[in-house]
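Please read the structure below before turning to the comments.
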Amino acid sequence: MNMNRNILLVAIVVAVFLSLVGWYWHKNYVLYHDSTMRVQKYLDSKSFYISGRMLTKTWLYNYGSEYKDVYLIQMSVDTISLIDNSVGSKQSSDSLFWGILNPMDSTVFFVSEYRKDINHEDSFPEIKVSSKTFHVEFSNGYRHPMRVHGYEFPELLSNESSVTIRL
């Protein structure tokens, strides 16, 4: 009888454990799916191309690798093409965006994963960004996907004003 009780106890513990793992997986899947759908909706609604030169980079946090960090990049704009009418409208707090354009001084602020091993502190590369390719390309060869986000970077949002445009 004692053996049956132990087997029953183990079966209950395994069932509870599997239920918790299933709930956790489902919750994360739903969050990931919702996030992916929001990013896809953003990509479908925006169309722009920007090129220019990096002016400043401000370290925000470590990306989890000794070579990658996340920076707030300020770039001067040489070329810009805003193709979509919704680019430029002030969005609600749940809207996604890539960066902030200040048309008064022709600068753009955006968040970038920047690699220390190929990007030197004293070099300010040319930058090209296209919503069609969904990539940020640096003239020194580094390329990464655009970081589309909402309100998780107050350092980025601090550059907003009444004249800025969210991209």
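Fair warning: this is a prediction, and the values are worked out from it, not measured in the lab.
- Each of Val108 and Leu55 belongs to its own hydrophobic cluster when Ile, Leu, Val, Met, Phe, Trp and Tyr are linked at side-chain heavy-atom distances under 4.5 angstrom.
- Considering only heavy atoms from C-beta on, Ile100 stays 4.5 Å or farther from Ile165 through its side chain.
- Distance check, rounded to the nearest 0.5 Å: OH of Tyr49 to NZ of Lys132 gives 14.5 Å.
- Counting only distance, with no hydrogens or angles, the side chain of Ser139 and the backbone of Pro125 share no donor-acceptor pair below 3.5 Å.
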In residues 75-83, what donor-acceptor pairs under 3.5 Å come from side-chain atoms, sequence neighbours left out?
from, atom 1, to, atom 2, distance (Å)
Ser76, OG, Arg53, O, 3.4
Thr79, OG1, Ser51, OG, 3.4

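- Considering only residues two or more places apart in sequence or on other chains, Gln74 meets the side chain to side chain donor-acceptor pair (under 3.5 Å) condition with Thr56.
- Between His144 and Phe138, the two ring planes are tilted [angle within 30° to 60°].
- The salt bridge (charged side-chain N to carboxylate O under 4.0 Å, His left out) analysis of residues 99-111, with sequence neighbours excluded, yields no pairs.
- Under the 4.5 Å side-chain criterion, counting only non-hydrogen atoms from C-beta, Asn102 is in contact with Val163.
- Shown here are the side chain to side chain contact (heavy atoms under 4.5 Å, CB included) partners of Ile12, two or more places apart in sequence or in another chain: Leu8, Val16.
- Inter-residue side-chain proximity for Phe97 and Leu157 is flagged as met; some heavy-atom pair is nearer than 4.5 Å.
- With sequence neighbours excluded, the residues forming a side chain to side chain contact (heavy atoms under 4.5 Å, CB included) with Thr58 are Leu72, listed by chain and number.
- Scored by the ring-ring contact (aromatic ring centres under 6.0 Å, His included) test, Phe109 finds no partners at all (sequence neighbours excluded).
- One finds the OG atom of Ser131 at 10.0 Å from the CH2 atom of Trp98 (value rounded to the nearest 0.5 Å).
- Side-chain contact between Val136 and Tyr142 is absent, with no heavy-atom pair separated by less than 4.5 Å.
- Considering only heavy atoms from C-beta on, Trp59 stays 4.5 Å or farther from Val70 through its side chain.
- The pair Arg143-Glu137 counts as a salt bridge, with a side-chain nitrogen and a carboxylate oxygen less than 4.0 angstrom apart.
- Once rounded to the nearest 0.5 Å, the distance linking CD1 of Ile50 with CG of Leu101 reads 6.0 Å.
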Applying side-chain contact (heavy atoms from CB on, under 4.5 Å), run through Thr164 and Asn159 and close with a yes or a no. CA-CA 8 Å; Thr164 57; Asn159 293 288; over 6 Å; no

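- Within the 3.5 Å criterion, the main-chain N or O of Tyr71 finds no donor-acceptor partner in the side chain of Tyr61.
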